[in-house]
Participant: 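Sharing a structure, written as structure tokens. Questions coming.
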Amino acid sequence: MNRFRRLRASGALRRMVQETHINKSDLIYPIFVAEGKNIKKPVDSMPGVYQYSVDTLDEVLDATAESGISGLLIFGIPAHKDELASSAYDDSGVTQQAIRYIKGKYPDMIVIADVCLCEYTSHGHCGVICDGKILNDETLPLLSKMSVSLAKAGADIIAPSDMMDGRVAAIRKALDENGFSGTPILSYSAKFASGYYSPFRDAAESSPAFGDRKTYQMDCANGREALREIADDIEEGADMVMVKPALAYLDVLKAARERFDLPIAAYNVSGEYSMVKAAAQNGWIDEKRIVMENLTAIKRAGADIIITYHALDAAKWLEEEK
Ligand code: PBG
Ligand code: ZN
């Protein structure tokens with residue numbers, strides 16, 4: 001008889017044979033920076049998450065630096081929104097200001113800049129609109145301009161999340177032509193049209209004013225198509241790829257891990273976070289235990305990098321376990 005229980009007999013034995021480990025350096029913490037002064041506005045649907053203005057960012061920057069995680073993913077919330085998302089590629093826009101501030105204070109902290117127009121457009125869609133249609137090729141120059149502007153501000157990694165076709169090639173070309181051939185692209189390659197994003201849209205004030213994102217984001221039913229999306233982004237020059245959301249798509253993550261050899265990120269998105277927080281606040285689950293189990297599952301499925309709103313808590317818990 002196989003006695004699997006032999007190696008489970010003590011904490012020391014279990015630690016010795018543990019297959020999957022989460023490192024603090026695997027983790028990236030998303031933050032929301034709003035234009036204005038003296039803002040620390042709670043996001044109701046995401047307990048523990050706030051919109052900050054640049055002048056109140058220190059609190060979260062210091063916590064991030066102390067935590068030992070790798071860095072931040074930054075989302076800007078501009079005061080001015082228009083049809084063409086002009087604040088997105090304004091060199092003095094809120095996101096650019098925030099990146100300059102963060103890199104000035106913490107030069108070693110990795111700052112990943114999300115590239116998408118939806119926080120900056122008056123209609124809340126991720127692309128340019130004409131006659132009610134979201135246009136693909138007309139959106140690419142704007143994403144390219146935005147990427148160059150964010151790289152100029154000091155972003156370490158450019159992360160396009162819009163799901164327009166051909167954007168990685170367009171952004172790579174624009175970065176190269178503007179002196180940023182050394183700036184890597186982390187592409188949100190397999191990003192599904194998901195109900196799990198709704199708390200984020202409260203946080204980022206980026207809900208579409210009409211319709212949904214199903215003509216550009218992927219159908220949740222399509223695992224094979226996700227691998228085609230990833231292969232295509234790699235061909236276009238992505239340095240890293242992402243699967244998003246994470247927990248309902250671990251099969252996609254695992255398949256991507258088996259097929260591709262570049263670093264893979266998984267985004268443990270807002271809805272996944274909010275569900276855990278809500279259940280924990282009701283006393284229905286043990287928050288720490290569930291968070292560590294979820295993050296371990298994402299790692300076990302094959303993620304090298306985990307973007308999560310739990311990052312600072314998880315780092316604290318990992319430290320306590322030492
Ligand atoms: C912007 C973007 C979204 C998320 C990351 N970048 C929302 C969306 O596509 O509507 C979702 C992140 C989350 O839910 O935590 N395109
Ligand atoms: Zn978007």
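First listed ligand is number 1; within each ligand, the first listed atom is number 1.
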Participant: Which of these, Lys244, Arg213, Met163, Gln217, has its nearest heavy atom closest to atom 11 (C) of ligand 1?
Facilitator: Lys244

Participant: Under 4.0 Å from a heavy atom of Cys118: which atoms of ligand 1 are those, numbered in the order shown and with their elements?
Facilitator: 1 (C), 16 (N)

Participant: Closest approach of Gly68 and Lys24, non-hydrogen atoms and distance?
Facilitator: O-CB, 3.5 Å

Participant: Closer than 4.0 Å to some heavy atom of Phe75 - which atoms of ligand 1 meet that?
Facilitator: 5 (C), 6 (N)

Participant: Judging by distance only, is a nitrogen or oxygen of Glu119 under 3.5 angstrom from one on ligand 1?
Facilitator: no

Participant: List ligand 1 atoms under 4.0 Å from Tyr309, heavy atoms only on the residue side.
Facilitator: 12 (C), 13 (C), 15 (O)

Participant: Determine whether the side chain, the backbone, both or neither of Ser270 has a heavy atom under 4.0 Å from any heavy atom of ligand 1.
Facilitator: both

Participant: Could you tell me which atoms of ligand 1, counted from 1 in the order shown, lie closer than 4.0 angstrom to a heavy atom of Lys191?
Facilitator: 1 (C), 2 (C), 3 (C), 6 (N), 8 (C), 9 (O), 16 (N)

Participant: Are Tyr29 and Tyr101 linked, directly or through intermediate hydrophobic residues, by side-chain heavy-atom contacts shorter than 4.5 Å (ILVMFWY only)?
Facilitator: yes

Participant: For Arg257 and Asp304, what are the C-alpha separation, side-chain angles and deciding distance, and is it a salt bridge (charged side-chain N to carboxylate O under 4.0 Å, His left out)?
Facilitator: CA-CA 9 Å; Arg257 173 74 297 153; Asp304 301 290; 2.8 Å; yes

Participant: Verify salt bridge (charged side-chain N to carboxylate O under 4.0 Å, His left out) between Asp251 and Lys254, making sure each step is shown before the conclusion.
Facilitator: CA-CA 5 Å; Asp251 58 325; Lys254 171 97 177 177; over 6 Å; no

Participant: Return the minimal non-hydrogen interatomic distance between Leu295 and Ile306, and the atom names on each side.
Facilitator: O-CD1, 3.6 Å

Participant: Counting non-hydrogen protein atoms only, what is the nearest one to atom 12 (C) of ligand 1? Give residue, atom name and distance.
Facilitator: Phe200 CD1, 3.3 Å

Participant: Step through the shown structure and confirm whether more than 12 heavy atoms of other residues, nucleotides or ligands are within 6.0 Å of NZ on Lys105.
Facilitator: yes

Participant: Only counting residues at least two apart or in another chain, list the ones meeting side-chain hydrogen bond (donor to acceptor under 3.5 Å, both in side chains) with His310.
Facilitator: none

Participant: Which ligand 1 atoms are under 4.0 Å away from a heavy-atom of Asp114?
Facilitator: 6 (N)

Participant: Surrounding CZ of Phe75 (heavy atoms of other residues, nucleotides or ligands, distance under 6.0 Å), is the total greater than 12?
Facilitator: yes

Participant: By residue and atom, what protein N/O/S atoms are less than 2.8 Å from the Zn ion (ligand 2)?
Facilitator: Cys116 SG, Cys118 SG, Cys126 SG

Participant: By the side-chain hydrogen bond (donor to acceptor under 3.5 Å, both in side chains) test, which pairs, at least two apart or in different chains, include something from residues 287-300?
Facilitator: Asp26-Lys299, Lys277-Glu287

Participant: Within ligand 1, which atoms have a heavy atom of Tyr267 less than 4.0 Å away?
Facilitator: 12 (C), 15 (O)

Participant: Return the set of residues passing side-chain hydrogen bond (donor to acceptor under 3.5 Å, both in side chains) with Lys173 (not counting sequence neighbours), or none when no residue passes.
Facilitator: Glu177

Participant: Heavy-atom contact check, 4.0 Å cutoff: does Tyr273 meet ligand 1?
Facilitator: no

Participant: Looking at Asp232 and Arg228, is any side-chain nitrogen of the basic one under 4.0 Å from a carboxylate oxygen of the acidic one?
Facilitator: no

Participant: In this structure, which one of Phe32, Tyr309, Tyr267 forms a ring-ring contact (aromatic ring centres under 6.0 Å, His included) with Phe200?
Facilitator: Phe32

Participant: Any idea which atoms of ligand 1 are less than 4.0 Å away from a heavy-atom of Cys116?
Facilitator: 16 (N)

